[in-house]
Number of protein chains: 2
Amino acid sequence: MAENLTLEDIGRLAGVSRSTVSRVVNDKSNVNPEVRERVLAVIERTGYSPNVLARSLVSGRTGVIGLVIPSRVHALFEDPYFSRLIQGISSASNRAGNTLSLFIFQNEEEEAALYPRVVTSGVLDGLILTATRMADPLLARMAVGEIPLVIVGRPDVEGVSYVDADNRGGAALAATHLADCGYHRIGLVGAPVSTTAGIDRLNGFVEGLALRGLTLDPDLRADGDFSERSGYVAMQRILAHQPDAVFVASDTMAIGALRAVREAGVDVPDDMALVSFDGLPSSERSVPPLTTVKQPVTDAGARAVEMLNELIAGEAKDPYIEIMPVELIVRQSCGSARQLAAGPQ
Amino acid sequence: MAENLTLEDIGRLAGVSRSTVSRVVNDKSNVNPEVRERVLAVIERTGYSPNVLARSLVSGRTGVIGLVIPSRVHALFEDPYFSRLIQGISSASNRAGNTLSLFIFQNEEEEAALYPRVVTSGVLDGLILTATRMADPLLARMAVGEIPLVIVGRPDVEGVSYVDADNRGGAALAATHLADCGYHRIGLVGAPVSTTAGIDRLNGFVEGLALRGLTLDPDLRADGDFSERSGYVAMQRILAHQPDAVFVASDTMAIGALRAVREAGVDVPDDMALVSFDGLPSSERSVPPLTTVKQPVTDAGARAVEMLNELIAGEAKDPYIEIMPVELIVRQSCGSARQLAAGPQ
DNA sequence: AGATTTGGTGAGAGCGCTCCCAACACTACA
DNA sequence: TGTAGTGTTGGGAGCGCTCTCACCAAATCT
């Protein structure tokens, strides 16, 4: 019903002008209460709803925000992290009255071909960019400042607004926790150093070790690419050098690491402790359940939407930067369940 | 650069009128080649790109399609199935020149509140609806036919276009395969019968058993809700009645089922065979790797986009219906690796 | 009483585009 | 020479909306 009614139509039916109807629809003050009622009744009866396109054309605002997930990530897309992030952003968009458009680029060509449509077409009020790489070409282009932009994850350039988890602090927490449990040959299955998250978790981990007088033996370090398979492979390499504990920089990689450990006949936590990062549901259901540094993915997504809307409203010139706190969830894999009473940290 | 150039601006710079520039931009035929070159040069130089909003306002087409994931599903969202589907749909949209808008509803209220904005606002050319329940209230409203609509998954109403996997045939394939492997106490961890997929997989499974002269012992059946946890619980119930094989109606539930089996000290495939459904990457990495009925999720998403675009173009009055073929992937969990040479079915 | 403010209203312009039609040159026909 | 094409171009109207402004009556002031 009522797909193509216009303001004019409603006006005619209510015996007023287009302008008055517009005022009613937009809740402007100077309308006779009686007239307002009459107009609202007609709107109700006809099921009229304003044409968003026409409105946007004149107002210059569409209410649409874009979520861009760049190339190379689609392989990682199986990581539930992205599902959660999308969910958080979608939910926050709904709440804020925005419409969310999703741009998943499969490769660099698609990126190059579609990017102008995304930015220049004028449909998007703003953009959330996620999973940026070091020296991200997309980011380089966007940072020019054509359009309000928020990054999820720390970018490697200045002057851009972003939300990030406390990767550094979280990794340090994992390191000190393992050290406090009495382990000293502590290895690392790292996230790729081509990402800021990878670098931050690496640095935080090393710093945490240092706080307890430990260092990271290069033999006990192998990096993955966030995939389950890469965690499996990396752990196999590290196992050869007999660590007594390992920090795996993501839950999904930890699942893979656990698979390698099991195949090698090593028991977690009896023979080796494990702590991971993310706090996804899967970390709770693994065997054994993973001690993990939980980051608030959904909240970060929501915060990104809020920041973006503030940026769109033009409320700030300085870039917003927000680091979300993380939390160590102690489960079985670190073998410290008994010392738990004192609480982590 | 060039955020707010108009046709008129380009025309002025190229010494022609708005209309001529429009013709060039839209590749119309009757333009002097020389003039066309000149205009194109100006466009190139200025980085002009047409305002999609204005264009849509007059043409009535926006190129935006919506993907709606209704309430109650967000809990299931951790099922990688949805990630894949979204990916497939996104990719197909990009290819087709569409923009994809994502609507994930968290609950019925949000659904009711946002639905009008989705359908009536006039921004969407069409809609893809997924994960419909039996008697889906959303679907009931949409089927009124205000907007081109394609469902992913078989809906329980007539007259709507949809793409579905061959759930029935696939489940039958699982059943006959297990029977052919020599098992006869074959159980089922079913998908919820509040979904057509659940019903179709149940019926197909029973039909497959019947083809081999078997029936489904009610004690050997328990339904889950697609979550890992529900597969775990359902399998625990079934285990008590000692099946020699079980068909689990989704990979994610199968991972949970496997967890229950392991805890019970039962070996797969030596003590019990398992076949699941979906063919997600996780099914390959489980211990043991799962024999599974693979459905082409990405392709189904792509097909949905194609169908929707045909519907939008008004090329057909009859609803499109497409059943995607499935394929039995034989791995270790069914214990038939040796008989594999002959191939399944 | 006359001048000014007020609340309420409608008409016009314009957002950037596409479409239609008229206008123009120029060629080709009778 | 007149008429009908043919190719190319520009202007007008209009998509549905918002916004500014002018208008009118009623209320308030001097």
Side-chain angles (χ1 to χ4, degrees), chain A residues 2-40 42-43 46-64 99 116-117 119-125, chain B residues 2-40 42-43 46-64 99 116-117 119-125:
Chain A
E3 183 55 70
N4 25 22
L5 283 171
T6 75
L7 275 187
E8 204 89 39
D9 295 330
I10 303 300
R12 200 168 328 106
L13 289 168
V16 294
S17 79
R18 183 178 32 121
S19 310
T20 301
V21 180
S22 172
R23 275 186 279 262
V24 170
V25 169
N26 294 292
D27 255 345
K28 295 289 170 61
S29 48
N30 2 331
V31 178
N32 184 314
E34 210 172 284
V35 175
R36 158 167 276 134
E37 282 314 310
R38 204 167 68 225
V39 172
L40 284 175
V42 174
I43 290 176
T46 55
Y48 167 80
S49 113
N51 182 314
V52 174
L53 247 39
R55 181 178 282 183
S56 298
L57 181 59
V58 31
S59 71
R61 288 278 175 78
T62 62
V64 180
T99 298
R117 204 169 77 203
V119 175
T120 334
S121 66
V123 257
L124 297 180
D125 281 352
Chain B
E3 183 56 70
N4 26 20
L5 283 171
T6 75
L7 275 188
E8 205 91 39
D9 295 330
I10 303 300
R12 199 170 327 106
L13 289 168
V16 293
S17 78
R18 182 178 34 119
S19 308
T20 301
V21 180
S22 172
R23 274 186 281 262
V24 171
V25 169
N26 295 291
D27 255 345
K28 295 289 170 62
S29 48
N30 4 329
V31 178
N32 185 315
E34 211 172 283
V35 175
R36 157 168 276 133
E37 282 314 310
R38 204 168 67 225
V39 172
L40 284 175
V42 174
I43 291 176
T46 54
Y48 166 81
S49 111
N51 182 314
V52 174
L53 248 38
R55 181 177 281 184
S56 298
L57 182 58
V58 31
S59 70
R61 287 278 176 78
T62 61
V64 180
T99 298
R117 205 169 75 203
V119 174
T120 332
S121 66
V123 256
L124 297 180
D125 281 353

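Naming: A, B, ... by sequence-line order, numbering from 1 per chain. Basis for what follows: all heavy atoms, side chains included, without hydrogens, waters or symmetry-related copies.
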* Please report the closest heavy-atom contact between Ala14(B) and Val39(B), naming both atoms and the distance. => CB-CG2, 4.0 Å
* Nucleic acid contacts of residues 53-61 of chain A, taken as heavy-atom distances under 4.0 Å to DNA chain C -> Leu57(A), Val58(A)
* Asked: Does the side chain to side chain contact (heavy atoms under 4.5 Å, CB included) test come out yes or no for Ser17(B) and Thr20(B), once each step is laid out?
  -> CA-CA 5 Å; Ser17(B) 78; Thr20(B) 301; 3.5 Å; yes
* Thr99(A) side chain reached by Val123(B) side chain, heavy atoms, under 4.5 Å -> no
* Asked: Quick one: CZ on Arg12(B) to CZ on Arg18(B), what's the gap to the nearest 0.5 Å?
  -> 12.0 Å
* Which of residues 16-27 of chain B have a heavy atom under 4.0 Å from DNA chain C? -> Arg18(B), Ser19(B), Ser22(B), Asn26(B)
* **Arg36(B)/Val16(B) under side chain to side chain contact (heavy atoms under 4.5 Å, CB included): CA gap, chis, key distance, verdict** => CA-CA 10 Å; Arg36(B) 157 168 276 133; Val16(B) 293; over 6 Å; no
* Using chain B heavy atoms and a threshold of under 4.0 Å, write down where along DNA chain C the contacts begin and end, 5' to 3'. => dG16(C) to dC19(C)
* Structure fact -> Separation between CG (Leu13(A)) and CZ (Arg38(A)), nearest 0.5 Å, reads 11.5 Å
* What are the two closest non-hydrogen atoms of Val25(B) and Pro50(B), and how far apart are they? -> CG1-CG, 4.1 Å
* To do: Would you jot down, in residue-number order, the residues of residues 7-14 of chain B having a non-hydrogen atom under 4.0 Å from DNA chain D?
  => none
* **Distance-minimising heavy-atom pair for Arg23(A) and Asn30(A)** => CD-O, 4.2 Å
* Does a side-chain heavy-atom distance below 4.5 Å link Tyr48(B) with Asp9(B)? -> no
* Look up atom CD1 in Ile10(A) and atom CD1 in Ile43(A), then write down how far apart they are to the nearest 0.5 Å. => 6.0 Å
* Asked: Within the structure shown, what part of the strands sits under 4.0 Å from Asn30(B) by heavy-atom distance: base, sugar-phosphate, or nothing?
  -> base
* Asked: Bend across the helix from dA1(C)-dT30(D) to dA30(C)-dT1(D), to 10°, with axes taken over 5 pairs at each end?
  -> 60°
* Hey, is the main chain of Lys28(A) close enough, under 3.5 Å, to the side chain of Asn26(A) for a donor-acceptor pair? -> no
* Asked: Could you state the interatomic distance from CD (Glu8(B)) to OG (Ser19(B)), rounded to the nearest 0.5 Å?
  -> 8.5 Å
* Asked: Would a 4.5 Å heavy-atom cut-off, applied to side chains only, mark Leu7(B) and Val21(B) as touching?
  -> yes
I'd like a table of donor-acceptor pairs (distance under 3.5 Å, sequence neighbours excluded) in which one partner is a side-chain atom from residues 51-58 of chain B, with atom names and distances.
| from | atom 1 | to | atom 2 | distance (Å) |
| --- | --- | --- | --- | --- |
| Asn51(B) | OD1 | Leu53(B) | N | 2.7 |
| Asn51(B) | OD1 | Ala54(B) | N | 3.0 |
| Ser56(B) | OG | Val52(B) | O | 2.9 |
| Ser56(B) | OG | Arg61(B) | O | 3.0 |

